[in-house]
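Notes for the one structure printed next.
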There are 2 protein chains.
Amino acid sequence: MTTIGIPPGANIGGRDTYRHGDLSRALVEAGVELARAGGPAAVALRAATRRAGVSPNAAYRHFADRRALLEAVCSASQGRVAEAIEAEQALVADATDPVAAARLRFRAVGTGYLHFALAEPGLFQTAFTASTDLESATSGSRAGTSGRTPFQLLTDALDRLVTVGALPAERRAEAEFLAWSAVHGLAMLLITGPLRALGPEQAEGLIRRVVDMVEQGL
Amino acid sequence: MTTIGIPPGANIGGRDTYRHGDLSRALVEAGVELARAGGPAAVALRAATRRAGVSPNAAYRHFADRRALLEAVCSASQGRVAEAIEAEQALVADATDPVAAARLRFRAVGTGYLHFALAEPGLFQTAFTASTDLESATSGSRAGTSGRTPFQLLTDALDRLVTVGALPAERRAEAEFLAWSAVHGLAMLLITGPLRALGPEQAEGLIRRVVDMVEQGL
DNA sequence: AAGACAATGTGTACAACGTCTACATTAGCG
DNA sequence: CGCTAATGTAGACGTTGTACACATTGTCTT
């Protein structure tokens, strides 16, 4: 029993070398797939290693425990959120009036965030359910293609509002948390909360109203 | 081998009758304790039955599966939230001006909600992380001592704002979701999100600012 | 009063999970 | 060429949810 080692020429899990080569990456990608389908609770060490074609304990060479893998998947998911926001901002990039441009850019942060939440609820929950602190909210591993995290994209948009004169400087402090609260709360209500049965057009209406509220209430 | 039956005079798990008597209640209470300490993920069937001094499968006579028990614990937790809101409203009940009273009553919904979230993060998450729909958000099992759920307390306060003239009727529609979004989002940021390391006084400042934003942005 | 039935609790079993310890393999460096 | 560290595997243990069969008992009917 216990096939000693690997019979030459055999392959384990679709791979022909003892080493995997890029297991860390593969585990995170598998974790992202699991999170997409079932949210953070579905990110299991054994399931991820199974997908990577590797024995369960191999994961422990790259992650201290399940929590660490979940952290990595969380970072990757936040990167996707950042990309969604950047895509939404790219749609409104061609505004001539700088004040209007700053406003649209700011609104795009919220709408991009919420559109991603609706399109990829599992990933979205994984991105923000797993506990994060303020330092890691600005770490490079959570950035999109522009190299900025969702949180940084928000602060950037707020700073620009101030620069352009659309937001009084005395109201700038902590404004990111006010805006984030409203948008994140709506996302939760729409995904897992009492509004999860809403149709897309009604959801879109609520999204606009919440962003309106933030713009007006800041 | 299976001790056949119960030797007369023996007692299993601190109880001397074969029947438990009020197991359903006991399981929910045990679940609430688990949720308080560890959030929704900690609400385990086996742990709850263990606390109730009963075999694991006994739970299945009262709940279809773990999800069902979690639903019950969720309802109980929402009841606690409702009580917290009612307590906060009781603090401001003595306002003479009806407009000011309606405003304070409305604000108390948000501050009570957020104070509960800070005081009992595990229960709070359990109350609102477990998926709920709109019908169950108004079911009696989730009510506080006044017989109203947190959601109903919010709609009540908004209705009163309209009655008193503090909120234009044309802005009333869906206002509960806007307010709820902002407050719920801040709760998440404060409990599991990037703001969870904030001190109490700073958290209190943010709470006031978010409620200000809602009052102004509705 | 006696016996049937439904409600309730127990025991056993299985698969999946996280994680510990020991061992096997291999890349890279002297 | 051989040593060492990095990487992967095997086996085991305790936890979880849950299915199935069985035991006990309150209650209702006759």
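To find a chain, count down the sequence lines: A is the first, B the second, and so on, and within it residues start at 1.
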* Structure fact -> Hits for salt bridge (Lys or Arg N to Asp or Glu O under 4.0 Å) against A:Asp212, two or more places apart or cross-chain, chain-then-number order -> A:Arg107
* Side chains of A:Trp180 and B:Leu186: closer than 4.5 Å at any heavy-atom pair? -> no
* **Carboxylate-amine/guanidinium contact A:Arg80 A:Glu83, below 4.0 Å** => no
* To do: Measure from CZ on A:Arg61 to P on C:dT25 and round the result to the nearest Å.
  => 15 Å
* **Under 4.0 angstrom between A:His62 side-chain N/O and D:dG8 OP1 or OP2** => yes
Can you give me the N/O atom pairs linking the protein to nucleotides 2-7 of chain C at distances under 3.5 Å, or say none if there are none?
unit_1: C:dA7; atom_1: N3; unit_2: B:Arg19; atom_2: NH2; d: 3.0

* Structure fact -> When rounded to whole Å, the CZ to C1' distance for the pair B:Phe63 and C:dT8 reads 14 Å
* Which residues satisfy the side chain to side chain contact (heavy atoms under 4.5 Å, CB included) test with A:Pro56, sequence neighbours excluded? -> A:Arg46, A:Thr49
* Protein-nucleotide distance (A:Tyr18, atom OH; D:dA5, atom P), rounded to Å -> 17 Å
* A:Asp22 CG to D:dG8 C1', straight-line distance once rounded to whole Å -> 15 Å
Just the atom pairs and distances: protein N or O near nucleotides 15-19 of chain C's N or O, under 3.5 Å.
unit_1: C:dC17; atom_1: OP2; unit_2: A:Arg50; atom_2: NH2; d: 2.2
unit_1: C:dG18; atom_1: OP1; unit_2: A:Leu45; atom_2: N; d: 2.8
unit_1: C:dG18; atom_1: OP2; unit_2: A:Leu45; atom_2: N; d: 3.1
unit_1: C:dG18; atom_1: OP2; unit_2: A:Arg46; atom_2: N; d: 2.9
unit_1: C:dG18; atom_1: N7; unit_2: A:Arg46; atom_2: NH1; d: 2.5
unit_1: C:dG18; atom_1: O6; unit_2: A:Arg46; atom_2: NH1; d: 2.9
unit_1: C:dT19; atom_1: OP2; unit_2: A:Tyr60; atom_2: OH; d: 3.3
unit_1: C:dT19; atom_1: OP2; unit_2: A:Arg66; atom_2: N; d: 2.8
unit_1: C:dT19; atom_1: O5'; unit_2: A:Tyr60; atom_2: OH; d: 3.3
unit_1: C:dT19; atom_1: O4; unit_2: A:Arg46; atom_2: NH1; d: 3.1

* To the nearest Å, give me how far apart CG (A:Leu27) and C1' (D:dG8) are. => 12 Å
* Asked: Of all residues at least two apart in sequence or in a different chain, which pass the ring-ring contact (aromatic ring centres under 6.0 Å, His included) check with B:Phe124?
  -> B:Tyr113, B:Phe128, B:His184
* Asked: Any donor-acceptor pair under 3.5 Å linking the side chain of A:Glu88 with the backbone of A:Ala108?
  -> no
Show every donor-acceptor pair shorter than 3.5 Å between a side-chain atom in residues 19-27 of chain A and any protein atom, with sequence neighbours excluded, or say none if there are none.
unit_1: A:His20; atom_1: ND1; unit_2: A:Asp22; atom_2: N; d: 3.1
unit_1: A:His20; atom_1: ND1; unit_2: A:Leu23; atom_2: N; d: 3.1

* Nearest-0.5 Å distance, CG of residue B:Leu118 to NE2 of residue B:His115 -> 7.0 Å
